[in-house]
Asker: 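After the structure tokens below, expect a handful of questions from me.
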Amino acid sequence: MKPIPNSPEFAPLLAFGAHPDDIEFGCGGVIARETQLGRPAHFVVCSRGEAGSHGTPRQRTAEARKAAAILGATLEFLELDGDGRLELRAAHALKLAAIIRRFRPAIVLAPSTVENQHPDHARLGRLACDAARLARYGGLRDLRRQPPHVIAQLFFYAVTPEAEPGDIPPVLLDVSAPEVVSAWTAAMQAHASQTATRNYAEMQLTRARLFGARAGIACAIPLFPNDPLVFDSLAQTGRGARRF
Ligand SMILES: [Zn+2]
């Protein structure tokens, strides 16, 4: 197995979701790709989706566990303010920072902070950004039980097209491999209470095909870096997507 460039070899990935299906719909293909390469992945889901129109919290908890297993990820639920009630609080950012220190990821994924989407998504993105910062500060008394941790990169994912930040050029992750597409599709369909009403899985696959077409590949998922990307040389920068 080849080491993954630009990060500690197979260092863990940590993904935050506001609702039980956000990670799968927003970036499930990226998770499948990374875990199939051998990178450990852990999900932190910050509600049971109890404010949704479909599915009970119990169903949605079970669906999230099934989907995470399909993607090769471990999962925990974190109780904050509840679905539809998430607030920006320092105490929440510290809780997320404590998880970052416990799991010690290289890569953190969180929903984008674009305002015109479910408010929990944007606020969780903001909290995750704050948490990544707090996780590295040595003097924080609330976090003193675990040593500071510096992540390599925070990427935002967009649960819907509307949540894609217009001011950050995306990094496109190739998720074209059939085993990646099939795991991603199965993980989205595991959220049966949600996909029963609209074909959300097909909507996400169509979005990935459009990004793929722009890049000359079958399927791609956009991630939006919170910080400038650092490369050792121009040889690592890949190529640009410019097909239109
Ligand atoms: Zn959501």
Side-chain angles (χ1 to χ4, degrees), residues 13-32 41-71 73 75-89 92-93 95-96 99 108-131 154-166 170 184-208 221-224 226:
L13 177 159
L14 182 63
F16 291 105
H19 307 113
D21 54 2
D22 291 343
I23 299 168
E24 289 83 345
F25 285 118
C27 62
V30 174
I31 307 290
H42 185 63
F43 294 174
V44 177
V45 176
C46 300
S47 80
R48 308 274 173 163
E50 63 271 16
S53 305
H54 305 282
T56 65
R58 188 171 177 169
Q59 280 174 317
R60 302 205 60 189
T61 299
E63 289 168 356
R65 292 194 193 287
K66 183 179 174 186
I70 290 168
L71 293 175
L75 168 72
E76 69 182 278
F77 285 90
L78 176 66
E79 305 299 332
L80 295 175
D81 301 310
D83 187 358
R85 305 172 60 89
L86 184 62
E87 294 180 12
L88 287 175
R89 302 189 203 185
H92 291 347
K95 282 184 183 173
L96 302 190
I99 293 172
V108 173
L109 300 177
S112 76
T113 59
V114 171
E115 291 291 337
N116 188 18
Q117 59 174 327
H118 193 302
D120 292 351
H121 297 174
R123 288 174 194 158
L124 183 61
R126 185 71 250 161
L127 287 169
C129 183
D130 292 346
L154 167 63
F155 288 107
F156 295 113
Y157 64 86
V159 181
T160 59
E162 295 76 15
E164 292 165 11
W184 182 27
T185 305
M188 289 192 284
Q189 288 171 343
H191 293 281
S193 65
Q194 309 305 299
T195 56
T197 55
R198 289 178 73 182
N199 196 346
Y200 290 112
E202 185 52 36
M203 288 165 64
Q204 296 294 356
L205 290 167
T206 301
R207 183 157 72 112
I221 291 178
L223 294 179
F224 301 87
N226 184 57

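One-based numbering, in listed order, for ligands and for the atoms of each. We're numbering straight along the sequence, starting at 1.
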Asker: State, to 0.1 Å, how close Ala110 and Leu154 come at their nearest heavy-atom pair, and which atoms those are.
Answerer: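 Smallest heavy-atom distance, with atoms named: CB-CD1, 4.3 Å.
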Asker: Taking just the N, O or S atoms of His121, which one is nearest to the Zn ion (ligand 1)?
Answerer: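 Result for His121 and the Zn ion (ligand 1): NE2.
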Asker: Could you tell me which N, O or S atom of Asp22 is nearest to the Zn ion (ligand 1)?
Answerer: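 Result: OD1.
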Asker: Out of curiosity, Leu124 CG to Asp22 CG, how far, rounded to the nearest 0.5 Å?
Answerer: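 The CG atom of Leu124 sits 8.0 Å away from the CG atom of Asp22.
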Asker: Any ion pair linking Arg48 and Glu79 (charged N to carboxylate O, less than 4.0 Å)?
Answerer: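 Yes, charged N to carboxylate O under 4.0 Å.
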Asker: Do Asp81 and His92 have side-chain atoms, one donor and one acceptor, less than 3.5 Å apart?
Answerer: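 Asp81 vs His92: donor-acceptor pair found between side chains.
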Asker: Please give the atom name: the N, O or S atom of His19 nearest to the Zn ion (ligand 1).
Answerer: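 Checking each N, O and S atom of His19, the shortest distance to the Zn ion (ligand 1) belongs to ND1.
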